[in-house]
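I have placed the structure first, in the form of structure tokens, so that the comments after it can refer back to it.
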2 protein chains.
Amino acid sequence: MASVKREEAIFADLPLNQILFGDCLDILPKLPSHSIDLIFADPPYNLQLQKELWRPNQTPVVGVDDEWDRFANFEDYDDFTTRWLSECRRVLKTTGTLWVIGSYHNIYRVGKIMMDLGFWILNDVIWHKTNPMPNFRGARFQNATEILLWAKRSREARGYTFQYQAMKNLNEGKQMQNVWHLPLCTGAERMKIDGKKAHSTQKPEALLYRVILASSKPGDVVLDPFLGTGTSAVVAKRLGRHFIGIERDPRYIGLAQERLKNTPFCGVDERELLITPSKRAAPRVAFGQLVEAGYLKVGTVLYSRDRRIVAYVKADSLLRWDSKEGSIHQIAALAEGKPACNGWEYWYYEDEDGQLISIDVLRARYRAENGLE
Amino acid sequence: MASVKREEAIFADLPLNQILFGDCLDILPKLPSHSIDLIFADPPYNLQLQKELWRPNQTPVVGVDDEWDRFANFEDYDDFTTRWLSECRRVLKTTGTLWVIGSYHNIYRVGKIMMDLGFWILNDVIWHKTNPMPNFRGARFQNATEILLWAKRSREARGYTFQYQAMKNLNEGKQMQNVWHLPLCTGAERMKIDGKKAHSTQKPEALLYRVILASSKPGDVVLDPFLGTGTSAVVAKRLGRHFIGIERDPRYIGLAQERLKNTPFCGVDERELLITPSKRAAPRVAFGQLVEAGYLKVGTVLYSRDRRIVAYVKADSLLRWDSKEGSIHQIAALAEGKPACNGWEYWYYEDEDGQLISIDVLRARYRAENGLE
DNA sequence: TGGTGATGTGAATCCCCCC
DNA sequence: AGGGGGGATTCACATCACC
């Protein structure tokens, strides 16, 4: 029975920090469902380059024409894409997300299939190459981009990881856009054999750094079904994540293992240097705790910024405004006629000098004085 | 017989410089085959907005929920897309090309269908908006792009128009890339009724300038099956091309006719085109890029010139000094007790020999090695 | 007339925990 | 799985009121 064979073949434990040798259509079914936090996939591009391309100086341009990158027709490519994406969706946790990178030759087919399979696109990210190859014929616009699709498992899936604050920090304090200006993988980073490119589409580590830092946490499991020379695994290791790589060409596996050997795993002592936790992750402080702890006395008068709204703190930490009672958030929303309002930012109290102080300052003080940071 | 009716209905002469009232699925079949030089299509995106979205200042975001953007499911959308694209392909000359603009909500479906119908993609052009709406919840990357697909009728089609030199001139003498930095349609250019936007998705004329100038010649026929308020027709007229517009909402037709009345035929000369803004991405290098690219490893120690101040590089490119965190500039200023300080000049790292090297040297190396000079 | 600060707004698939 | 409640979250411009 096929199902029994399949059960037997499934890994009892996740093969963490390993490169699995074989075709991803054979290996992925052996991974358990709902076990992976993040998938990065750089599938074949189906470029269908037929004629050779020559530079103006009569030297040939080396294109992508590896054997693994040829499909007979769209149907074959779509079938292959549907199969590996389906398996990826199965092994992904409901909190997990998937990245796929491609060019205009394949990404439109891939994106459509992703949507059909139920993936819910979060962003299409444009990798704008700072040093792209020129268009030698002058027949089109210079193609300077590849596209990454970032998606969660389904529209309903909740709890995916997005390190908003870390991305903002990387971008000099402004929220990171879906356009990334990054150079191609060149120079010493580019793996070479006898002076020639070891892999025709090796991705830069900086690209994977941003992908993995943005959408996973230390200790998460990062799966790459088309590992190639191992860029995603190397960066995952650097950033204190676990990796699982799948690759069917033993030559690439050898190169990836060499790179991994030279990559230190981010040590525990470095974990604290990874990223600043977001405000959302800060321990919650209920307004009632401030009242209980005496930071605000029962009966204290709270004001809106313009002193137009005046409310009183009750012993049960609800506010009384007019004849109405509710939480700091509910009364603020009510007073402003809005569906919701952050009470921590809305309310102020008066200090001895009659100055208005935000109650959010009190919350910060409470956190600081009670080891809640 | 349907075929007879169809034949009878076809326009004897092309309805040049007219706006045709009706659904493009009804009107397109009346146009003769192989008659159009250039098609620009801005179809519904099928945005699928569900809940209300509020800005941090508690005002609502006005989303697109027009009747014309609602489809029951992907199948309906695909069917609609297949039908109008098929007709577009029929009416296109073999030397003609087609542009379609969309967002990640629809462009992957559209692109896949285009390929299936036989269109051959020449470029995917990224419209990188210079002033996009932020992501208010900090839940994703800020979505700053729309995508235009530019395609010829078939792989074999020869002789399409690409004004390579004009594009090069527009781009300060360098090859025009497939990434266009252009602002949204705002201000006086935006059509308004009673102070409110007349159309929820009006495109900027500058975008259509590039499209029409790049891929057509004076006297060519430009067809727009989703004319809206007429941006493509207006720009075609200004550039000395003929237009044919199709629109099913009479209110939009009225607005478009008003704009056309105020537009001179061929009212643009070369000099005016040459001063069209062509902002290039600034070759700025953020400190974070050095960290991402591995020029500085996470945990690297940075020193002030006199080694008095010692800080650590975090994964999100902030520095940690004492218990404080901030950008290279902020921490330098803090450590020196100054209001501001240039971190690029302040910080040094140690090389293998214990020599202090300025991080500004690293920045210069990054620029040199990645074509950013 | 000119500068300054407040206000408005753009194709938006925009939270998460707990009951 | 659906509802309720806490509470976190914005960038580049254009316009306009006001001094």
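Predicted, not measured: the structure shown is a model, and the values here were computed from it. So that the names make sense, note that chain A is the first sequence line, chain B the second, and so on, each numbered from 1.
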If you draw the axis of the six-membered ring of [Y], does the NZ or CZ of [X] fall within 45° of it and under 6.0 Å from the ring centre?
X      : Y      : answer
B/R109 : B/Y77  : no
B/R248 : B/W68  : no
B/R140 : A/F162 : no

For [N], does OP1 or OP2 lie under 4.0 Å from any side-chain N or O of [X]?
X      : N     : value
A/S327 : D/dG6 : yes
A/H329 : D/dG5 : no
A/K279 : D/dT9 : yes

(request) For DNA chain C, list all stems, counting runs of three or more consecutive pairs where every pair is Watson-Crick or G-U wobble with both distances under 3.5 Å. (result)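 Stem segments, range with range: C:2-10 with D:11-19, C:15-19 with D:2-6.
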(request) Indicate the ring-plane relationship of B/F80 and B/F71, choosing parallel, tilted or perpendicular according to the 30° and 60° boundaries. (result) tilted
(request) Evaluate the ring planes of B/W150 and B/W99, with Trp represented by its six-membered ring, and classify them as parallel (under 30°), tilted (30 to 60°) or perpendicular (over 60°). (result)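 Taking B/W99 first and then B/W150, their aromatic rings lie parallel (interplane angle under 30°).
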Between [M] and [N] - [atom1] atom distance, rounded Å:
N      : M      : atom1 : result
D/dT10 : C/dT9  : C1'   : 12 Å
D/dG7  : C/dC14 : C1'   : 15 Å
C/dT13 : D/dA12 : C1'   : 23 Å
C/dA11 : D/dA8  : C1'   : 25 Å
C/dA12 : D/dG5  : P     : 30 Å

Tell me: [atom1] of [X] to [atom2] of [N], nearest whole Å?
X      : N      : atom1 : atom2 : result
A/R367 : D/dA8  : CZ    : C1'   : 11 Å
B/H128 : D/dA12 : NE2   : P     : 10 Å
B/R55  : D/dC13 : CZ    : C1'   : 13 Å
A/W344 : D/dA8  : CH2   : P     : 9 Å
A/R280 : D/dG5  : CZ    : P     : 20 Å
A/I359 : D/dG7  : CD1   : C1'   : 11 Å
A/I328 : D/dG7  : CD1   : C1'   : 9 Å
B/Q50  : D/dG2  : CD    : P     : 12 Å

Donor-acceptor contact present, side-chain [X] to main-chain [Y], <3.5 Å:
X      : Y      : result
B/D194 : B/K196 : no
B/R70  : B/D65  : yes
A/K168 : A/N171 : no

Under 4.0 Å, heavy atoms only, any strand: does [X] hit a base, just the sugar-phosphate, or nothing?
X      : answer
A/A286 : nothing
A/L122 : nothing
B/N46  : nothing
A/R155 : nothing
A/D124 : nothing
B/S103 : nothing
A/Y164 : sugar-phosphate
A/E156 : nothing
B/K197 : sugar-phosphate
B/W68  : base
B/P43  : base

(request) Would you mind calling D/dT15 syn or anti? Take O4'-C1'-N9-C4 for purines or O4'-C1'-N1-C2 for pyrimidines, and syn is within 90° of 0. (result)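 Because its glycosidic torsion lies more than 90° from 0, D/dT15 adopts the anti conformation.
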(request) Could you walk me through whether B/V64 and B/S200 pass side chain to side chain contact (heavy atoms under 4.5 Å, CB included), step by step? (result) CA-CA 6 Å; B/V64 173; B/S200 45; 4.1 Å; yes
(message) If you assign A/G159 and A/W120 each to the DNA chain C nucleotide with the nearest heavy atom, which residue ends up on the more 5' nucleotide?
(response)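 Its nucleotide being nearer the 5' end, the pick is A/W120.
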(message) Using a 4.0 Å cut-off to any heavy atom of chain B, which nucleotides of DNA chain C are the first and last in contact, reading 5' to 3'?
(response)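 Listing 5' to 3', DNA chain C meets chain B from C/dT9 to C/dC15.
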(request) Could you say whether B/G187 or A/N342 is positioned toward the 5' end of DNA chain D, judged by the nucleotide with the nearest heavy atom to each? (result)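 Whichever sits nearer the 5' end wins; that is A/N342.
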(message) Any donor-acceptor pair under 3.5 Å linking the side-chain atoms of B/R259 with those of B/T231?
(response)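 There is such a pair (donor and acceptor under 3.5 Å, judged by atom type) between the side chains of B/T231 and B/R259.
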(request) Answer yes if the side chains of B/N135 and A/Y164 hold a donor-acceptor pair under 3.5 Å, and no otherwise. (result)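 Result is no, nothing qualifies.
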(message) Evaluate B/M114 against B/L98 for side chain to side chain contact (heavy atoms under 4.5 Å, CB included), listing each step before the verdict.
(response) CA-CA 10 Å; B/M114 281 171 60; B/L98 162 84; 4.0 Å; yes
(message) Going by side-chain contact (heavy atoms from CB on, under 4.5 Å), name the residues that satisfy it together with B/C185, two or more places apart in sequence or in a different chain.
(response)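 Once residues adjacent in sequence are excluded, the partners of B/C185 under the side-chain contact (heavy atoms from CB on, under 4.5 Å) criterion are B/E189, B/R190, B/Q202, B/P204.
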(request) Please list, chain by chain and in numerical order, all residues satisfying side-chain contact (heavy atoms from CB on, under 4.5 Å) with B/D316, sequence neighbours excluded. (result)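 For B/D316, the residues satisfying side-chain contact (heavy atoms from CB on, under 4.5 Å) (neighbours in sequence not counted) are A/A166, A/N169, A/I275, A/T276, B/K314, B/L318.
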(request) Mind running a 4.0 Å heavy-atom check of residues 166-178 of chain A against DNA chain D and sending the residues that fall below it, in number order? (result)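 The stretch gives A/K168, A/K174, A/Q175 as the residues lying under 4.0 Å from the strand, ordered by number.
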(request) Give me the residues of residues 132-147 of chain B where at least one heavy atom lies under 4.0 Å from an atom of DNA chain C, by number, or none. (result) B/P132, B/M133, B/P134, B/N135, B/F136, B/R137, B/A139, B/R140, B/N143, B/E146
(message) Tell me the closest heavy-atom pair linking A/G343 and A/A332, and the distance in Å.
(response) CA-CB, 4.5 Å
(message) Rounded at 0.5 Å granularity, tell me how far NE2 in A/H128 sits from NE2 in B/H128.
(response)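 That separation rounds to 9.5 Å.
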(request) Could you tell me the separation between the OH atom of B/Y45 and the CG atom of B/D69, rounded to the nearest 0.5 Å? (result) 9.5 Å
